[in-house]
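Below is one structure, written out as structure tokens; the observations come after it.
Order of appearance sets the numbers: ligands from 1, and atoms from 1 within every ligand.
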Amino acid sequence: MEIYNHPTFHMACQQFDLVADRLEIPAEQRDRLKYPKRSLSVALPIHRDNGAIEVFSGYRVQHHLTLGPTKGGLRYHPDVRLGEVAALAMWMSWKCALAGLPYGGAKGGIACEPRQLSVTELERLTRRFTQEVIPFIGPQIDIMAPDVGTNEQTMAWIMDTYSVHTGYTVPSIVTGKPVGLGGSLGRREATGRGVAYLINRAMDTIALNSGTITAVVQGFGNVGSIAAFSLAKYGVKILAVSDVMGGIYNAKGLDLGKLESHLNAAGTVAGFSGGEPVTNAELLLLPCDILVPAALERQITEENAGKIKCRILAEAANGPTTPGADAILDQRPEIFLIPDILCNAGGVIVSYFEWVQDLQSFFWTETEVTDKLFRILEGAYMQTLSLSRKQKISMRLAALSLGVKRVQEAKAMRGLFP
Ligand code: NAD
């Protein structure tokens, strides 16, 4: 479909085609499974603080509606495009199905640089976006959550704008909102915590448990920072981390507490005095036991896939590895892959818990949330590992196969209207 033309969408389609071939999905069913059900592009005029009017582009894509409402994050980043959002929505579908959640996938975004907008400008932009997509969203239609460049505050503005429109408070319209507004305990930490849990499981699987275990994390936002702190709690030494401004490396291990203080003061991990500077490209090639890309798509490519030096590649970001890189990694059995739709599923799993709690107005303790999270992750991990071993296929192909097959079966059971 021409409107989704984008390298990330082509990548998601290539992955789908591989799975469809393996599952022998008939040609006539493929387009129905692959292409988003619906998508909306909106122009968002706002007043800048200096009085000027600027128009931003916003998108929301709902991939399939077969199993329930759609669910997915909202991204604020200059490179956001409809095709990228469509790819992220497709991955959300397979991720929700793999975890057994009653959702289809969705994603949204606004092409903007949030660091160059003031808080009041961000609020106006978020409220205007919400207003434009109100006919398209709802607690039983499509539920947003934070992603790159958005956070709890963004979700609070969306919830408020939607609630003002309906005339009563609707916490279940978004997840990842502040706990004081009906957010779930443990949601902010869920994705990174889930990443660390699965890395721990992978370490057991490949018997990586002697001596000092080291990790490198690209992207030190919500997911990357929580993953790093959680890994450190498991006793892993964090050698390097980065963000969009650059990275920092210390062969003896970074002091994460001091690094966080530096980040809070400077707004970036770059320039931290407890290590040496390293570029994002160099960081991916550092020797380590665990490599965690936790920033953006297409970081591990045909150029660097042969050169990464880790035992576990834990894809905390969505789509960090291109299909060309996958082909190279398939020839490197010494690297154990935790594919994105499994690795970062903790976020949407606890978002699902938040939605359930909001619908029931009955809230759980953080221990209940985390226990239930780990139970679902464990099930998805074991199913993926067992299929991968039984059929001698990569962990990515196994995870995608489980997700795609569940959506295919649901579509077959429901039939085709009219
Ligand atoms: P975030 O905005 O909190 O953090 C993103 C981090 O990546 C920041 O440190 C940023 O500086 C860095 N970054 C941006 N561009 C970069 C670049 N070109 N090179 C290196 N670093 C760069 O976002 P997040 O919520 O932590 O999301 C990170 C990844 O995890 C994304 O792929 C997102 O889709 C995925 N994810 C997030 C969640 C969630 O719950 N937030 C859930 C599932 C998946």
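- Using a 4.0 Å cut-off between heavy atoms, A145 makes no contact with ligand 1 at all.
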### Task
Go through R75 and E297 one step at a time and tell me if the salt bridge (charged side-chain N to carboxylate O under 4.0 Å, His left out) criterion holds.
CA-CA 13 Å; R75 177 174 292 194; E297 302 94 63; 2.6 Å; yes
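- Donor-acceptor pairing under 3.5 Å is lacking for the side chains of S351 and Y103.
- Contact check for R389 versus T205: side-chain heavy atoms found under the 4.5 Å cut-off.
- Note on ring orientation: taking the six-membered ring where Trp is involved, the planes of W94 and F16 are parallel (angle under 30°, cut-offs 30° and 60°).
- The closest protein non-hydrogen atom to atom 35 (C) of ligand 1 is N318 ND2, 3.7 Å.
- For the ligand labelled ligand 1, residue Q299 lies outside the 4.0 Å heavy-atom shell.
- For a threshold of 3.5 Å applied to N or O pairs, the pair formed by N222 and ligand 1 contains at least one separation below that value.
- The distance criterion of under 3.5 Å between nitrogen or oxygen atoms is not met by L88 with respect to ligand 1.
- None of D326, V19, D330 except one satisfies the side-chain contact (heavy atoms from CB on, under 4.5 Å) rule with L397; the exception is V19.
- At a heavy-atom cutoff of 4.0 Å, ligand 1 is contacted by no atom of R115, backbone or side chain.
- Any N or O atom pair closer than 3.5 Å counts here, and V244 shares at least one such pair with ligand 1.
- The shortest N/O to N/O separation between F220 and ligand 1 falls below 3.5 Å.
- Protein heavy atom nearest atom 30 (O) of ligand 1, with residue, atom name and distance: A316 O, 3.6 Å.
- At least one N or O atom of G149 sits closer than 3.5 Å to an N or O atom of ligand 1.
- Nearest protein heavy-atom contact of atom 27 (O) of ligand 1 is V148 CG2, 3.6 Å.
- You'll find the side chain of F56 reaches within 4.5 Å of the side chain of L117, heavy atoms only.
- Taking distance alone, with nitrogen or oxygen atoms compared against 3.5 Å, R187 approaches ligand 1 more closely than that limit.
- Nearest residue to atom 29 (C) of ligand 1 from G73, A295, G319 is A295 (criterion: closest heavy atom).
- At least one cation-pi condition fails for K71 and W355: the charged atom is not both under 6.0 angstrom from the six-membered ring centre and inside a 45 degree cone around its axis.
- Given atom 37 (C) of ligand 1, the protein heavy atom at minimum distance is V223 CG2, 3.4 Å.
- At the shortest separation from atom 18 (N) of ligand 1 among protein heavy atoms lies L296 CD1, 4.0 Å.
- Residue-ligand proximity, R75 to ligand 1, at heavy-atom distances under 4.0 Å covers atoms 31 (C), 32 (O), 33 (C), 34 (O).
- Below 4.0 Å from some heavy atom of N280 lie the following atoms of ligand 1, by number and element: 19 (N), 20 (C).
- Both the backbone and the side chain of N344 come within contact range of ligand 1, each with a heavy atom under 4.0 Å.
- Checked against ring pair (Phe, Tyr, Trp, His ring centres under 6.0 Å), Y381 has no partners two or more places apart in sequence or in another chain.
- Not close to ligand 1: M245, with no non-hydrogen atom less than 4.0 angstrom away.
- Inclusion of K95 in the set of residues having an N or O under 3.5 Å from an N or O of ligand 1 is not warranted.
- Taking atom 39 (C) of ligand 1 as the reference point, the nearest protein heavy-atom neighbour is T191 OG1, 3.5 Å.
- Closest to atom 33 (C) of ligand 1, if we only count protein heavy atoms, is D147 OD1, 3.2 Å.
- Using a 4.5 Å heavy-atom cutoff, the side chains of D17 and K34 are in contact.
- For the pair P146/E152, no side-chain contact is recorded, criterion being any heavy-atom separation below 4.5 Å from C-beta on.
- Contact check for W157 versus T150: no side-chain heavy atoms found under the 4.5 Å cut-off.
- Regarding atom 5 (C) of ligand 1, its nearest protein heavy-atom neighbour is G221 CA, 4.2 Å.
- Here is the list of ligand 1 atoms found below 4.0 Å of a heavy atom in A317: 29 (C), 30 (O), 32 (O).
- Within 6.0 Å of the NZ atom in K309, the count of heavy atoms belonging to other residues, nucleotides or ligands exceeds 12.
- At a 3.5 angstrom cut-off on N or O pairs, Q218 does not count as close to ligand 1.
- More than 12 non-hydrogen atoms from other residues, nucleotides or ligands lie less than 6.0 angstrom from NZ of K411.
- D340 has its side chain within reach of R396: a pair of non-hydrogen atoms, C-beta onward, lies under 4.5 Å apart.
- Residue-environment remark: CZ (R332) exceeds the threshold of 12 foreign heavy atoms within 6.0 Å.
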